[in-house]
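Sharing a structure here in structure tokens format.
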Amino acid sequence: MPTIAPLQRANHGSHFRAFGLRGVASLIDPFIGVDHAWMSGPTFPPHPHTGFSAVSYVFLDSETGINNRDSIGTQNLIRPGGLHWTTAGRGIVHEEVPAETGKTVHSLQIFVDLPAEQKHVEPFPLILEPQDIPVIHMPGIKVRVPLGSCWDARSPLTPPTDVTMLDISIEAGAELMLPVPPGHVAFVLPVFGTALVDGESFNPNDLRLPVFTAQETSQEIKLRANDSCKAMLFAGRPLLAARA
């Protein structure tokens, strides 16, 4: 049975709202936190990160992309469907704002821990354009693989922390079994609609999600939709255990 982790609502004025998975880093290690956000104007001024990675993933239904810039000279547009991985390492300052005034960005901000030996590396970006993300099609199901792998599909990125992130769209009545390797933590984030995870209902407005702790053997997570829904699967091998 999964452990249930709480989501928190966050708002910054009228131009930013989010569901945040925060304060449970020991449960979701190697992930530190995830924000599922809608942003329609500049929200956070240039700000520093150190010792982990900040990852931005823009959903395909986003009205616009994100203009990204940082202190090592990176300037790029994260288009809908694309991903930008910032390895902060010894320290970086960055800023991300909607690319078009008056339009709303629908995105994820994912914070990922770094292995001990990578904590103080020089910062660097990894950029993945929408058309380069592998897509798996099955009856009633579409799975994008921005990070890691699923079945025979693998993301072309090789980040410093080996994690998997799947963007899953399910039509009414469809279901799939998602494999989780031995020793990996996994959790499912509902994006819209109600997802049935191992038979239990999860909806964004419920402010809760299921976390599957690492097991010695492989696991399978059953995902089903009575009505159309979208959910994200995150998985990775905990880093804190490796340092113990």
Main-chain N/O of F31 paired with D29 side-chain donor or acceptor, under 3.5 Å: no
T164 side chain vs F234 backbone, donor-acceptor pair below 3.5 Å: no
Donor-acceptor side-chain pairing of T213 and Q215 below 3.5 angstrom: yes
Salt-bridge present (D167, K230; N to O < 4.0 Å): yes
Check: S53/W85 side-chain N/O donor and acceptor closer than 3.5 Å: yes
Check: R154 side chain, P134 main-chain N or O, donor-acceptor pair, under 3.5 Å: no
Whether T86 side chain and A88 backbone form a donor-acceptor pair below 3.5 Å: no
Within-4.5 Å side-chain heavy-atom neighbours: D198 and I221: yes
Any donor-acceptor N/O pair, R144 side chain to L60 backbone, under 3.5 Å: no
Backbone of H106 reached by a side-chain donor or acceptor of S62 within 3.5 Å: yes
Minimum heavy-atom distance between V163 and P30, given as atom pair plus value: CG1-CG, 3.8 Å
Flag for S56-E96: side-chain donor and acceptor within less than 3.5 Å: yes
Expected output: side-chain N11 to main-chain S14 donor-acceptor under 3.5 Å: no
Taking every non-hydrogen atom, the tightest pair across I168 and I170: CG2-CG1, 3.7 Å
Donor-acceptor contact below 3.5 Å, side chain T43 vs main chain G41: yes
Polar side-chain atom of H15 near backbone of G13 as donor-acceptor pair, under 3.5 Å: no
Working for ring pair (Phe, Tyr, Trp, His ring centres under 6.0 Å), residues F44 and H12: CA-CA 9 Å; F44 305 104; H12 293 273; 5.0 Å; yes
Check: R224 side chain, G173 main-chain N or O, donor-acceptor pair, under 3.5 Å: yes
Ring geometry between H49 and H47 (parallel below 30°, tilted from 30 to 60°, perpendicular above 60°): perpendicular
Separation between SG of C229 and CZ of F192, rounded to the nearest 0.5 Å: 7.0 Å
Closest non-hydrogen atom pair between G51 and K119, with its separation: O-NZ, 3.0 Å
NZ/NE/NH1/NH2 to OD/OE distance under 4.0 Å, R208 and E200: yes
Criterion salt bridge (Lys or Arg N to Asp or Glu O under 4.0 Å) against D35, the qualifying member of R17, R22, R9: R22
Salt-bridge criterion met for E63 and K103 (N-O under 4.0 Å): no
